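What follows is a short report on a single structure.
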Amino acid sequence: MLSARQMLIFKYIVEEFIETAEPVGSKLLMTKYELPYSSATIRNEMSKLEELGFLVKTHTSSGRVPSKKGYYYYVNTLLQPNVDEQVKNQVATIFSDTHQSLNSLIKESCEMLSQLTDLTAVALGPNSSYECLQNITLVPIGTRNVTAIIVTDKGHVENRVFTLSETLSLDDLQSCVAVMNDTLVGTPINQVADRLENDVKPILNTRIKEHEILFNAFLEAFMKFARNNVYFSGKDHLLYQPEYNDVNKLRKLVSAFENSSNWNFLAPTDDDGIKVLIGDDSNVSGLDDVSVISSSFDTGGASKGTISVIGPTRMPYKKVVSLVEYITENIERIIKENDE
């Protein structure tokens, strides 16, 4: 258990390092934060905090920086989340349209979170097993093109453009869509590909001349549905953090972003509330100086999504935790209002 003096000194060390990315010394703490202790007393307390594992001494200076254990202590004990009114007003803009699709809501929330934190945000939409096909609609675009709009019961939308020609007629396209609406509506998205092959393809084969072209086009669209539930925003923000001036670290980070399967560990769990993963606990491509802050949200029924912020271990935890919590609460509120 830390004393009140140790907690105060430790809190200022963490917040100073978050702000500057520079090791923190006793003289700076004494003068900048006007602490009522001598430099020698502060140094002594810093040594004790180092012995307890909350701080580590860098090789480049006499200053200290927080350890992983220290960051966890700061988050779990000293953090007081709070979102100011100005930020609440900014966030309110994306929640003013209460009838937007879930897909759009998640993407816009992800973008807003990245803008407000200057870090990378990633959102995982609901698992496709909880999302069912609602309908497929055809919309003509000019005289030669037709867009097929595929919509799920969660508001997720995918488009597929078809160019009409001598081999592909509007009648064939309409017949194909009619068969799929009759056969597939209500089917979970992760089961559509199998049902296309087993139930729809035999019917198309007997009715439509260019059935292979149409079948493959819709199969590709539904496969995209099933795998495309990871949204990133602000990937480049981390590239400007001093922690990633190292080329090898930067290469690992870029590689992690390129493969969406790397982020499956952020999938929703039964645990509600904020989840904070620091350093090598973050599971981000072998990097030990990355933190991830996540929160899950209900999307209806048994389905859940998550929204997360990825940044260096010295990220502004108070601001990020507050925003992630506030935004997920609002996502759930909008979804609940739309279901009523």
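The model shown is predicted, which means the values in this text are computed figures rather than measured ones.
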Do the side chain of Ser233 and the main chain of Ser114 share a donor and acceptor less than 3.5 angstrom apart?
no
All ring-ring contact (aromatic ring centres under 6.0 Å, His included) counterparts of Phe54, not counting sequence neighbours
Phe10, Tyr73
What do the steps show when you test Tyr317 against Ile18 for side chain to side chain contact (heavy atoms under 4.5 Å, CB included), and what is the final call?
CA-CA 9 Å; Tyr317 290 95; Ile18 285 172; 4.1 Å; yes
Test item: Ser308 side-chain N/O and Val292 main-chain N/O as donor-acceptor pair under 3.5 Å:
no
Side-chain contact, heavy-atom cut-off 4.5 Å: Val91 with Leu116?
yes
Is there a donor-acceptor pair under 3.5 Å between the side chain of Asn216 and the backbone N or O of Glu212?
yes
Tell me, with the steps shown, if Arg333 and Glu337 meet salt bridge (charged side-chain N to carboxylate O under 4.0 Å, His left out).
CA-CA 6 Å; Arg333 176 180 59 80; Glu337 288 176 1; 3.2 Å; yes
Keeping Arg160 on the side-chain end and Ile150 on the backbone end, is there a donor-acceptor pair under 3.5 Å?
no
May I ask you to decide if Ser296's main-chain N or O and Thr306's side chain share a donor-acceptor pair within less than 3.5 Å?
no
When you group the ILVMFWY residues by side-chain heavy-atom contacts below 4.5 Å and let the links chain together, are Leu214 and Val185 in the same group?
no
Give me the atom names and distance for the closest heavy-atom approach of Cys110 to Tyr231.
SG-O, 3.5 Å
Side-chain (Tyr72) to main-chain (Ile278) donor-acceptor, under 3.5 angstrom:
yes
How long is the span from the CZ atom in Phe297 to the CG atom in Leu124, to the nearest 0.5 Å?
8.5 Å
Quick one: CG on Leu49 to CD1 on Ile13, what's the gap to the nearest 0.5 Å?
6.0 Å
Heavy-atom side-chain proximity of Ile307 to Ile106 below 4.5 angstrom:
no
Answer whether the closest heavy-atom distance between the side chains of Phe215 and Leu196 falls below 4.5 Å.
yes
Heavy-atom side-chain proximity of Glu332 to Glu329 below 4.5 angstrom:
no
Enter the distance from Thr183:OG1 to Asp199:CG here, rounded to the nearest 0.5 Å.
7.0 Å
When clusters are formed by joining ILVMFWY residues with side-chain heavy atoms under 4.5 Å apart, either directly or through shared neighbours, do Val151 and Val139 land in the same one?
yes
Under the side chain to side chain contact (heavy atoms under 4.5 Å, CB included) rule, what do Thr137 and Asn135 come out as? Steps first, then yes or no, please.
CA-CA 7 Å; Thr137 306; Asn135 63 32; 3.7 Å; yes
Any side-chain heavy atom of Phe95 within less than 4.5 Å of one from Ser109?
yes
For the backbone of Ile203 and the side chain of Thr206, can you confirm whether one donor and one acceptor N or O come within less than 3.5 Å of each other?
yes
Is it possible for you to say whether Phe218 and Leu170 belong to one hydrophobic cluster, with membership spreading through side-chain heavy-atom contacts below 4.5 Å?
yes
Residue pair Ser26 / Ile42: nearest heavy atoms and the distance that separates them
CB-CG2, 3.8 Å
Output yes when a side-chain donor or acceptor of Thr163 lies under 3.5 Å from a complementary backbone atom of Asn145, and no otherwise.
no
Any luck finding a side-chain donor-acceptor pair between Tyr37 and Glu45 under 3.5 Å?
no
Which pair of non-hydrogen atoms, one from Ser322 and one from Pro81, has the smallest distance, and what is that distance?
OG-CA, 3.1 Å
Lys27 atom NZ: more than 12 heavy-atom contacts under 6.0 Å
no
Would you indicate whether the side-chain heavy atoms of Met112 and Thr93 approach each other to under 4.5 Å?
yes
State, with a plain yes or no, whether a side-chain heavy atom of Arg207 is found less than 4.5 Å away from one of Ser175.
no
Looking at CD1 of Ile9 and CD of Gln6, how far apart are the two atoms once the value is rounded to the nearest 0.5 Å?
7.5 Å
Say whether Leu239 and Val290 are linked into one hydrophobic cluster, either directly or through other cluster members, by side-chain heavy-atom distances under 4.5 angstrom.
yes
Gly279 versus Ser291, closest heavy-atom pair with distance:
N-OG, 4.0 Å
With a 4.5 Å cut-off on side-chain heavy-atom distances among I, L, V, M, F, W and Y, is there a chain of contacts connecting Ile213 to Leu204?
no
In this structure, CG of Leu253 is separated from CG of Asp289 (nearest 0.5 Å) by 9.0 Å
What's the verdict on side chain to side chain donor-acceptor pair (under 3.5 Å) for Arg195 and Thr187, showing C-alpha distance, side-chain angles and the deciding distance?
CA-CA 9 Å; Arg195 292 205 62 194; Thr187 302; 2.9 Å; yes
Specify the closest pair of heavy atoms between Val321 and Ile274, including all atoms of both residues, with the distance to one decimal.
O-CD1, 4.0 Å
Step by step, work out the side chain to side chain contact (heavy atoms under 4.5 Å, CB included) result for Leu119 and Ile310.
CA-CA 6 Å; Leu119 298 170; Ile310 304 153; over 6 Å; no
Can you list the steps and then say if Arg314 with Gln241 is a side chain to side chain contact (heavy atoms under 4.5 Å, CB included)?
CA-CA 10 Å; Arg314 61 170 190 89; Gln241 299 291 340; 3.0 Å; yes
For Ser47 and Arg43, does a side-chain donor sit closer than 3.5 Å to a side-chain acceptor?
no
Treating Asn89 as the side-chain partner and Glu85 as the backbone partner, does any N or O pair qualify as donor plus acceptor under 3.5 Å?
yes
Atom CG in Asn181, atom SG in Cys176: separation rounded to 0.5 Å?
9.5 Å
Would you say Val177 and Gln174 make side-chain contact, with heavy atoms under 4.5 Å?
no
Whether Lys69 side chain and Leu52 backbone form a donor-acceptor pair below 3.5 Å:
yes
Closest heavy-atom contact between Gly234 and Thr120?
O-OG1, 2.8 Å
Side chain to side chain donor-acceptor pair (under 3.5 Å) test vs Lys68 passes for just one of Asp288, Thr313, Asp281, namely Asp281
